[in-house]
Amino acid sequence: QVQLVESGGGLVQAGGSLRLSCAASGRTFSTYNMGWFRQAPGKGREFVAAISSAGDTYFQDSVKGRFTISRDNAKSTVYLQMNSLKPEDTAVYYCAADQFFFRVRTTPDYWGQGTQVTVSS
């Protein structure tokens with residue numbers, strides 16, 4: 001079992017930056033593949049970014065070059081650095097974890113509760 005707790009959301013102006021954090025429980029964090037999803041009002045949840053247990057990263061096309069994902073295994077934490085934010089990035093952002101990299105980008109086993117990100121124009 002993995003428990004995930006996100007933090008770092010908030011209100012930011014377009015062009016600004018935010019860093020989301022996701023703290024994971026358990027002593028096997030380094031073996032998990034981690035991801036971020038988001039859900040905008042009235043829309044389905046969509047994949048944003050993922051990082052494998054080995055450090056490989058994968059991004060949705062719309063955030064490439066603006067978002068980075070990283071992990072600190074000593075702190076059992078994964079981060080999503082979001083730069084050049086746009087109003088269309090407004091959403092609830094969810095952290096996710098899975099034993100398999102392909103699945104953390106699609107249907108991960110574990111989810112956090114979400115953190116709101118609002119980008120004003």
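Numbers here are sequence positions counted from 1.
- D72 and T77 are not linked by any side-chain donor-acceptor pair at a separation below 3.5 angstrom, with hydrogens and angles left out of the test.
- The two residues A96 and P108 come nearest to each other via the heavy atoms CB-CG, 3.5 Å.
- Counting all heavy atoms, side chain and backbone alike, P87 lies closest to S121 at CG-CB, 3.8 Å.
- Other residues sharing a hydrophobic cluster with L85 under the 4.5 Å side-chain heavy-atom criterion for ILVMFWY residues are V2, L4, V12, L18, L20, F29, Y32, M34, W36, V48, I51, F59, V63, F67, I69, V78, L80, M82, Y93, Y110, V117, V119.
- Residues meeting the ring-ring contact (aromatic ring centres under 6.0 Å, His included) test with F37, sequence neighbours left out: F47, W111.
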Quiz item: S70 and Q81: side chain to side chain contact (heavy atoms under 4.5 Å, CB included), yes or no, with the steps?
Solution: CA-CA 8 Å; S70 60; Q81 178 67 44; over 6 Å; no
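- Between the R71 side chain and the S52 main chain, a donor and an acceptor come within less than 3.5 Å of each other.
- When atom types are taken as modelled, the side chain of D109 and the backbone of D98 share no donor-acceptor pair closer than 3.5 angstrom.
- For the salt bridge (Lys or Arg N to Asp or Glu O under 4.0 Å) condition, the pairs that include at least one residue of residues 30-40, sequence neighbours left out, are R38-E46, R38-D89.
- A donor-acceptor distance shorter than 3.5 angstrom exists from the side chain of E6 to the backbone of Q113, with no hydrogens or angles considered.
- The disulfide (SG to SG under 2.5 Å) contacts involving residues 38-121 comprise C22-C95, where partners must be two or more places apart or lie in separate chains.
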Practice problem: Kindly indicate, with the supporting measurements, whether the criterion side chain to side chain contact (heavy atoms under 4.5 Å, CB included) is fulfilled by T90 and Q116. | Solution: CA-CA 8 Å; T90 295; Q116 176 71 47; 4.1 Å; yes
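- Remark: side-chain polar atoms of T28 are not paired, donor with acceptor, to backbone N or O of T31 under 3.5 angstrom.
- With sequence neighbours left out, D61 forms a salt bridge (Lys or Arg N to Asp or Glu O under 4.0 Å) with K64.
- Listed by first and then second residue, the disulfide (SG to SG under 2.5 Å) pairs that reach into residues 32-86 come to none, sequence neighbours excluded.
- Judged by distance alone, the side chain of S25 and the main-chain N or O of Q3 form a donor-acceptor pair under 3.5 Å.
- Distance alone, capped at 3.5 Å, places no donor-acceptor pair between the N33 side chain and the V104 backbone.
- Geometric assessment of R105 against the ring of F101 yields a positive cation-pi assignment under the 6.0 Å and 45° thresholds.
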